[in-house]
Amino acid sequence: MKKNIWLFGLLLAMILLVIPSCDLLNTISGVIPDFSFSEPNLIFGSYELPSTYEGHYLYQLDLSLEGGYFCRGSDYSSVSGSYEIEYDHLELLRSSGTLVLSDGLDGKEKSKMKFSFEADVDEGPCCLTLDGRRFLFLGR
Amino acid sequence: MKSRRCLVLIVLALACLFSLSAGSREGFDFHLDGGVSFVRGSQLAPFGGVSLGIHGNVYGMEGFAIGSVMTQPGGSATGMNATMEFSTEMGFRFLWRLFSTEATISRVLVDVGYFTQWLELPNQPNVIHRMCNGIMVRSGIRTVVWTGYLYQIELGVAYQKAVLPAFSEYDGLVISLNLF
């Protein structure tokens, strides 16, 4: 009888210990960040290629973090698709490489462009230059 | 079984190698490393780590691992480019005795390590991205400033430079304190 009480007590103690420790493990695993060894997407966000006419734009380009893009032309035509980035140089404030847009900026064909991305040390992203055309950063 | 024998042989060989350089203040050495480096000009980056090695009469060699936290991630406290930044480094430290007295010993040190920059970006919380990584070289002087019965304190001044690839943001002065 005494042995059974001990066993029951031990079982109860184990259950009482295991339940909060599982909870604690979940909390700890939630706090520990994921480490990514792949190159990060630094350039995502909304950009605008300004026109020579003040207040007008030639293209508005939205690059999503997940790899999709949406481009609106000055004639209100729009294109959407996916994009890929290949970095030649990766630094937080200055990176460059190749940007591949599945349907280009105007939807005619797949477009592969050289890009360079610049960010201000205090203000964050500043501009994205695609084949020499300087898109200004609007926001994320 | 064979691999265990090999391991024992390696350990014995190392022990023999270490015993060749035995003498006063010589032999195995373990340090807790800490200090501060000045990256991106004047931004503070406290660091901590461990080093383990062997010291001979003149020469010494240590393996080290250190981690450093940048107080201004991405170069700014605004958090617009990065919300957290730290670096890790592992490598070897080569030491040459410069001079020694009863009370102190000064050594010239050259560190050659592999560093990695880790960043947490805004809009991507809880994901740490690996950014620049390459070879870091650090050279300077380390001096024993206090010796106790079982442990000692060493003070060091060095200059570090990321050489391959060139990454000027982590270049700067390092002030270190080594315990044990």
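Labels below follow one simple rule: chain letters A, B, ... track the order of the sequence lines, proteins then strands, and each chain is numbered from 1.
With a 4.5 Å cut-off on non-hydrogen atoms, A:E91 touches chain B through its backbone and its side chain both. Neither the backbone nor the side chain of B:Q72 has a heavy atom closer than 4.5 Å to any heavy atom of chain A. Proximity to chain A (any heavy atom under 4.5 Å) is restricted, for B:E169, to the side chain, taken from C-beta onward. For A:I32, the part lying near chain B is the backbone, with the side chain staying farther off; criterion is any non-hydrogen pair under 4.5 Å.
Scanning both residues, A:V121 and B:S76, for their nearest heavy atoms gives O-CB, 3.0 Å. In terms of heavy atoms, A:N41 sits closest to B:Q124 at O-NE2, 3.7 Å.
In this structure, A:F37 places its CZ atom where more than 12 heavy-atom neighbours from other residues, nucleotides or ligands lie under 6.0 Å away. Residue-environment remark: CZ (A:R94) stays at or below the threshold of 12 foreign heavy atoms within 6.0 Å. Few gaps surround CZ on B:F30; more than 12 heavy atoms of other groups in view lie less than 6.0 Å from it. In this structure, B:R97 places its CZ atom where more than 12 heavy-atom neighbours from other residues, nucleotides or ligands lie under 6.0 Å away. Under a cut-off of 6.0 angstrom, the local environment of OH in A:Y53 is sparse, with at most 12 non-hydrogen atoms contributed by other residues, nucleotides or ligands. With a 6.0 Å radius and a threshold of 12 heavy atoms from other residues, nucleotides or ligands, B:F92 has its CZ atom at or below the threshold.
With rounding to the nearest 0.5 Å, the separation of NE2 in B:H129 from CG in A:L92 is 11.0 Å. Going from atom CG of B:L121 over to atom CG of A:L42 covers 6.0 Å, rounded to the nearest 0.5 Å. With rounding to the nearest 0.5 Å, the separation of CE in B:M131 from OG in A:S36 is 11.0 Å. With values rounded to the nearest 0.5 angstrom, B:M80 atom CE is found 9.0 Å from A:D120 atom CG.
Under the 4.5 Å side-chain contact rule for hydrophobic residues, B:I128 and A:F44 do not share a cluster.
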